[in-house]
Structure formats: C-alpha cells, structure tokens
**Q** 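The structure is given below, and queries will be raised subsequently.
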Amino acid sequence: MQMTPDQNPQVQAPPVGRPQLRQWELTVTAVADAPANMRRVTFTAPDIAEFNYRAGQAIVMMLPTGDGEFGRRDYTIRSLDAEKGLLAVDFLMHGDDAHLTPGPAFARDAKIGDKISIRGPRGGATFREDADWHLITGDECCLPAIFHILETMPAKAQMHVLVEVDNTDSEIALNDIREGLTATQITWLHRGDIKAGPSDFMAQAVAGYHLPHGRGQAILIGETSNVRKQRQNLLSRGLTREQISSEGYWRPGRIGGHDHVDD
C-alpha cells in the first residue's frame, strides 16, 4: 500500500475558526494484532521528537477509501515512545467497506515503509491532574484512549472507568492494561442483546454512579447521542461544564470526524 507523493494528499485544512494543526509525514514501522479486536500500526517520522500531546488526544488521518479517494478519520494516539521515536495507533477492526471504514482496511493492508500524512494532535478529552477523582466512560472504539490514559495516569489517581462491550469475551485482563488496576477502578458493562449505538445503556450506568467527594472530572467518549445523555445527567447533578470533557467519537450516518459535545 505504498503511496507515491502525488497519491498521498495533504491533510485537508480545518474549517475557519478551528486551530491550525501541524502536519506530520509518518512511515509505518510495524503492524500487529492487539487486544480487543484491534490492529496496531506503529509509525515514525524524522521530527517525531517534536510531537507533544496528552494521553486521550487524537490525530487526523487521510486514509485511502479504495476508489482512488481519501477520507478524513480521527484516531486516538495509543502510545508514543519518544526515546525510540515511535507512535502507535490502534484500529478497531469493524466493517469491510473501505469507503465507509477505511481505517480497518488501512490497518489490515499496511506494510512496513508505507507513508501517510496526518495532522495533530487534537482533542480535549484528557486527564486533569488537578481533579480529586476521575470518571471515564466509553465503548469499544474508545479503548485505545481509555487504556492510554490508564497507563499514564499517576498511580494514586482516584479513577473509575465504565466500558461498554458486548459480553465477557470483549473484556481485557486488568493487568494487561496496567499492573495494579482493580475492579473498583474499571467496570465492564455488557450490552448483551442491545445493539451498539444510540441507547440509554451507558446513561443509566452513569446515572447510578455515586459521585465521590471533592472536585471531579468526567471524560465521556463514544457514540455522540449517548455521550450527550451522560453529560446532561452529570450537569444536572452538579458538575460544571468545565469538569466534563465530552466527545462523540461516532454516530450512525456520520462518515469521519468527531463531534464536540458541549450542550
């Protein structure tokens, strides 16, 4: 899947009013399967040492759609090894249509030496060290962001994570994420027969979550309408807008991009 310079387009500039993101030219160095039905693609770049980001942020990728065109997709940074100069992205392997889901197609076919242009980093759904406690919610597509935050947070952080998955087969052993994590810090919620997408499933779990004492932070990510319901619940219970970071990673009918959920 090597792209020639005229095949590898410049990442589209953001709409007027949005911050100008730096462009980076990445080269694939490794591809491997990863937990939770993911495929991990590792990249490098000559100037990767200048890539400053916070766990939970994303990059904007222009991915081939199989018809000679390219589609914008936002993907969370899974890790950055500054010493080795390596940046990793996990792609959830869902969908077979390269036009609708170019990320999985790219990850499946990626070869060492392939090149791609990105912009970033972007996003505000990141860990805040000044909070007394933290709540993170998300579904399968949010696992790279959630795992990276859990791996990099201070060991003493008071954290509780709610993860929506199909069933127990979709769970990841806690020690495979970070040594010392406990069931009091991460709860797997099984949808069962409920289809992934808009529902009250996660909103009900958030409504039943007991808010600890002190100043908290909520990071709400996942399907846009689900994130909005969770946000509204926490606002109604006394959290301020500044205490909630919320982004819609996807929604039915939307192709590419994230939704900023601030209402």
Side-chain angles (χ1 to χ4, degrees), residues 1-15 18 21-45 48 51 57-80 86-123 138-145 148 165-166 170 195-198 221-225 247-260:
M1 199 171 59
Q2 178 73 35
M3 301 180 202
T4 63
D6 58 342
Q7 290 176 314
N8 191 13
Q10 299 294 303
V11 177
Q12 296 172 349
R18 292 190 181 179
L21 301 176
R22 177 170 170 177
Q23 182 162 315
W24 310 79
E25 305 299 329
L26 302 184
T27 301
V28 175
T29 63
V31 184
D33 291 334
N37 193 32
M38 300 280 179
R39 190 156 174 80
R40 181 167 301 159
V41 182
T42 304
F43 304 90
T44 192
I48 199 67
F51 191 92
Q57 288 191 301
I59 54 177
V60 180
M61 313 181 79
M62 291 300 290
L63 298 170
T65 57
D67 53 7
E69 301 296 329
F70 294 81
R72 166 183 167 147
R73 297 294 187 275
D74 289 27
Y75 273 93
T76 307
I77 301 157
R78 181 60 183 85
S79 66
L80 176 66
L86 299 175
L87 180 150
V89 176
D90 282 4
F91 296 81
L92 180 62
M93 300 304 289
H94 65 99
D96 299 320
D97 187 333
H99 181 71
L100 296 176
T101 55
F106 169 81
R108 183 181 58 246
D109 299 335
K111 303 291 188 300
I112 294 174
D114 286 352
K115 300 182 183 299
I116 190 169
S117 294
I118 68 164
R119 284 190 185 274
R122 65 165 300 279
D139 56 27
E140 292 93 333
C141 70
C142 308
L143 289 177
H148 195 25
V165 295
D166 282 332
S170 303
K195 184 179 179 181
I221 48 182
E223 195 279 327
T224 298
S225 67
E247 291 191 9
Y249 274 22
W250 67 282
R251 57 180 160 87
R254 174 159 190 171
I255 299 177
H258 282 189
D259 291 320
H260 299 286

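All values below were derived from every heavy atom in this structure, side-chain atoms included, with hydrogens, water molecules and symmetry-related copies excluded.
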**Q** Check whether the side chains of D139 and W250 place a donor and an acceptor atom closer than 3.5 Å, and report yes or no.
**A** yes

**Q** Donor-acceptor pair, distance only, cut-off 3.5 Å: does the side chain of R39 make one with the backbone of A107?
**A** yes

**Q** For T224 and G248, which heavy atoms make the closest approach, and how far apart are they?
**A** OG1-CA, 3.4 Å

**Q** Between F43 and V89, is any pair of side-chain heavy atoms under 4.5 Å apart?
**A** yes

**Q** For the pair R40 and D33, evaluate salt bridge (charged side-chain N to carboxylate O under 4.0 Å, His left out) and give the outcome as yes or no after the intermediate values.
**A** CA-CA 6 Å; R40 181 167 301 159; D33 291 334; over 6 Å; no

**Q** Might you point out which heavy atoms bring L92 and A36 nearest each other, and give the distance in Å?
**A** CD1-O, 3.7 Å

**Q** Check whether T27 reaches the backbone of K115 with its side chain - one donor and one acceptor, N or O, closer than 3.5 Å.
**A** no

**Q** Do you know the tightest heavy-atom contact between P102 and L63?
**A**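 Heavy atoms only, the tightest pair is CB-CB, 3.9 Å.
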
**Q** For a side-chain contact (heavy atoms from CB on, under 4.5 Å) check, start with the C-alpha distance between Y249 and E247, then their side-chain angles and the critical distance, and finish with the verdict.
**A** CA-CA 6 Å; Y249 274 22; E247 291 191 9; 4.1 Å; yes

**Q** Quick one: ring pair (Phe, Tyr, Trp, His ring centres under 6.0 Å) partners of Y75, sequence neighbours excluded?
**A**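 Result, ring pair (Phe, Tyr, Trp, His ring centres under 6.0 Å) vs Y75: F91.
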
**Q** Do you know which two heavy atoms are closest between D74 and R122, and how far apart they sit?
**A**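 Between these two residues, the closest heavy atoms are OD2-NH1, 3.2 Å.
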
**Q** So does K111 get a backbone contact from the side chain of D114, meaning a donor-acceptor N/O pair under 3.5 Å?
**A**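 Between the backbone of K111 and the side chain of D114 there is a qualifying donor-acceptor contact (under 3.5 Å).
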
**Q** Judged by atom type as modelled, is there a donor-acceptor pair below 3.5 Å linking the side chain of H148 to the main-chain atoms of R78?
**A** yes

**Q** For G123, is there any backbone N or O sitting under 3.5 Å from a side-chain donor or acceptor partner on Q57?
**A** yes

**Q** Identify the heavy atoms of P252 and P198 that sit nearest to each other, and give their distance.
**A**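 Nearest pair, atom of P252 first, then P198: CG-CD, 3.7 Å.
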
**Q** The criterion is ring pair (Phe, Tyr, Trp, His ring centres under 6.0 Å); which residues satisfy it with W24, sequence neighbours excluded?
**A** F51

**Q** Could you tell me whether a side-chain N or O of E223 sits under 3.5 Å from a main-chain N or O of S225, the two making a donor and an acceptor?
**A** yes

**Q** Looking at side-chain heavy atoms only, is the closest gap between L80 and I48 below 4.5 Å?
**A**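 Counting from C-beta outward, L80 and I48 do come under 4.5 Å.
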
